[in-house]
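Since the structure comes first, as structure tokens, the remarks are kept for the end.
In listed order, ligands and their atoms are each counted from 1.
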Amino acid sequence: MKKTVILAALITVMVIIAGCAGTSKEIRIGVAMPTQTRQRWNQDGANLERKLNAHGYKADLQYANNETALQIAQIDKMIDEGCKVIVIGSADGYALGDILDKAKNKGITIIAYDRMIMNTDAVDYYATFDNLAVGIIQGEYIEKKLGLKEGNGPFNLEITAGSLDDSNTLYYFEGAMEILRPYISSGQLIVKSGQTAIKQCAIPHWKEHIAEARMYEILTTYYNDDKVDVILCPNDSTAIGAIGALKAVGYNTADKPMPLITGQDADRKNMRAILNGEQTMSIFKDTRNLAEQTVQMVDAVIAGKTPETNDLGNYNNGVKVVPSFLLRPQFVDKDNYKELLIDSGYYNEHDLAEQ
Ligand code: BGC
């Protein structure tokens, strides 16, 4: 009789323990990513999914094909399916207010991932790379390579910016122009197209073919008897667009060498372009670290603690200052890629070999 009671008690304890483990596995975390068309978002999504599952959560990963309505529907479903935290790389950072109100009413924590979500008080935390620094680093790279501080010039510059529905574009542009504007004013940098305002330079959805068409138009209108020396590109897709336009009008030859071209993301395709001399530099943002930081935020939220942040003043989304964790971007070019990308295991040499 005594033995039976002890056995029953033991079984009860085991069932409770198993039940708890089962419950923790069932904590759902939504991961809403903007698109699968860019290498980086596939990596971001995969890293987050893997790490969240390894921490015992059930990750619900969705990609929105750059469509706002689709992303809203995906977030809506995540809310209805009981996600406790939703991590969002927004397709349109200005369009999620209403759906996030619904999430907030259900007590769901929202983490803006890489891109800030604007004009809503329902975003709780922001994990990103320092977007202002991305622009500053590109600007300083150009400044150094051309010897602008030493007074060299004039050089012909053309400017490209990101998508206006992505607040990263504003920070990036502000950072880059903070460095370059004084040289445009002094005449060391000449923008022959005259297109220096963010609205003139923006590329909707950061699309390669739009960047290419715009640069082709500029080159065939303003550079028939002259050469462009620098093209500021906010990221790697716009850089690929610029490279396409340049080649179409005869650059990449002894007569017409490629200009200095910037980028961001250190995509495989662009690293190959850097190694073969078509692109000059990119910005390396180690997406493994961003995913790790975000999962730590999720852990803290689920444990009822306050996630670690390191920036409490710079990211105002129009309604509130969102506590943020900023990671440091770095430039990568042919001189340091081995150390940054290969030694760190981000890529192997085969990834970067001509395909
Ligand atoms: C990201 C960049 C990316 C771009 C286009 C931006 O919000 O910060 O890394 O290249 O979106 O996807």
Side-chain angles (χ1 to χ4, degrees), residues 32-48 63-68 71 87-96 111-118 123 126-138 160-176 198 201-212 232-243 261-271 273-274 279 281-291 293-294 314-315 317 322 324-332 341 346:
M33 292 288 115
T35 174
Q36 274 187 297
T37 54
R38 308 255 357 105
Q39 181 192 320
R40 73 149 296 179
W41 298 111
N42 291 290
Q43 281 171 202
D44 290 277
N47 287 339
L48 283 165
Y63 291 94
N65 195 26
N66 269 332
E67 289 166 29
T68 310
Q71 186 161 62
V87 177
I88 304 174
S90 50
D92 178 343
Y94 294 82
L96 298 181
I111 301 177
Y113 183 86
D114 193 89
R115 298 172 169 177
M116 177 59 96
I117 303 169
M118 305 301 286
V123 49
Y126 182 32
T128 191
F129 283 86
D130 185 337
N131 294 299
L132 192 74
V134 172
I136 293 177
I137 294 170
Q138 286 193 5
T160 307
S163 193
L164 289 176
D165 55 10
D166 180 345
S167 72
N168 286 350
T169 295
L170 307 179
Y171 287 95
Y172 161 81
F173 199 74
E174 190 184 323
I198 191 165
C201 303
I203 302 296
H205 289 145
W206 310 76
K207 287 231 164 100
E208 204 172 297
H209 72 272
I210 301 180
E212 179 164 352
L232 179 80
C233 292
N235 81 332
D236 281 352
S237 52
T238 50
I240 292 290
I243 293 170
I261 302 175
T262 62
Q264 168 182 197
D265 292 334
D267 281 356
R268 282 185 206 91
K269 194 171 173 186
N270 296 73
M271 289 314 302
I274 287 175
Q279 185 172 330
M281 62 87 82
S282 188
I283 298 286
F284 175 45
K285 306 195 294 189
D286 194 330
T287 46
R288 297 171 298 189
N289 297 343
L290 186 56
Q293 201 58 46
T294 307
N314 286 313
Y315 283 89
N317 75 346
V322 182
S324 303
F325 197 101
L326 305 188
L327 292 161
R328 185 93 202 132
Q330 291 165 284
F331 77 77
V332 57
L341 303 180
Y346 198 78

Quick test: of every protein heavy atom, which one is nearest to [atom], and how far off is it to 0.1 Å?
atom: atom 12 (O) of ligand 1; result: W41 NE1, 2.9 Å
atom: atom 7 (O) of ligand 1; result: D166 OD2, 2.5 Å
atom: atom 3 (C) of ligand 1; result: D265 OD2, 3.5 Å
atom: atom 8 (O) of ligand 1; result: D114 OD2, 2.7 Å

- Using distance alone, determine whether N168 and ligand 1 share an N or O pair under 3.5 Å.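 N168 vs ligand 1: N/O contact under 3.5 Å present.
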- Can you find an N/O atom of K285 closer than 3.5 Å to an N/O atom of ligand 1?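 Yes; the residue has a nitrogen or oxygen that sits under 3.5 Å from a nitrogen or oxygen of the ligand.
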- Closest non-hydrogen atom pair between Y315 and S324, with its separation: CB-OG, 3.6 Å
- Shortest non-hydrogen contact between A266 and V332, atoms and distance: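 Looking at all heavy atoms of both residues, the closest pair is CB-CG1, 4.0 Å.
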- Report, in ascending order of atom number, the atoms of ligand 1 lying under 4.0 Å from any heavy atom of R115.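 With R115 as reference, the close atoms of ligand 1 come out as 4 (C), 5 (C), 6 (C), 7 (O), 11 (O), 12 (O).
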- Query: Under 3.5 Å, is there a donor-acceptor pair between the N168 and D114 side chains?
  - Reply: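 A donor-acceptor contact under 3.5 Å links the two side chains.
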- Query: Of the options D165, D166, D44, which is the one that meets R115 in a salt bridge (charged side-chain N to carboxylate O under 4.0 Å, His left out)?
  - Reply: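 Testing R115 for a salt bridge (charged side-chain N to carboxylate O under 4.0 Å, His left out) against D165, D166, D44 leaves exactly one candidate, D166.
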- Kindly determine whether D267 and K269 satisfy salt bridge (Lys or Arg N to Asp or Glu O under 4.0 Å), including the steps that lead there. CA-CA 5 Å; D267 281 356; K269 194 171 173 186; over 6 Å; no
- Message: Taking the basic N atoms (NZ, or NE/NH1/NH2) and the acidic carboxylate oxygens, is any pair closer than 4.0 Å for D236 and R38?
- Response: no
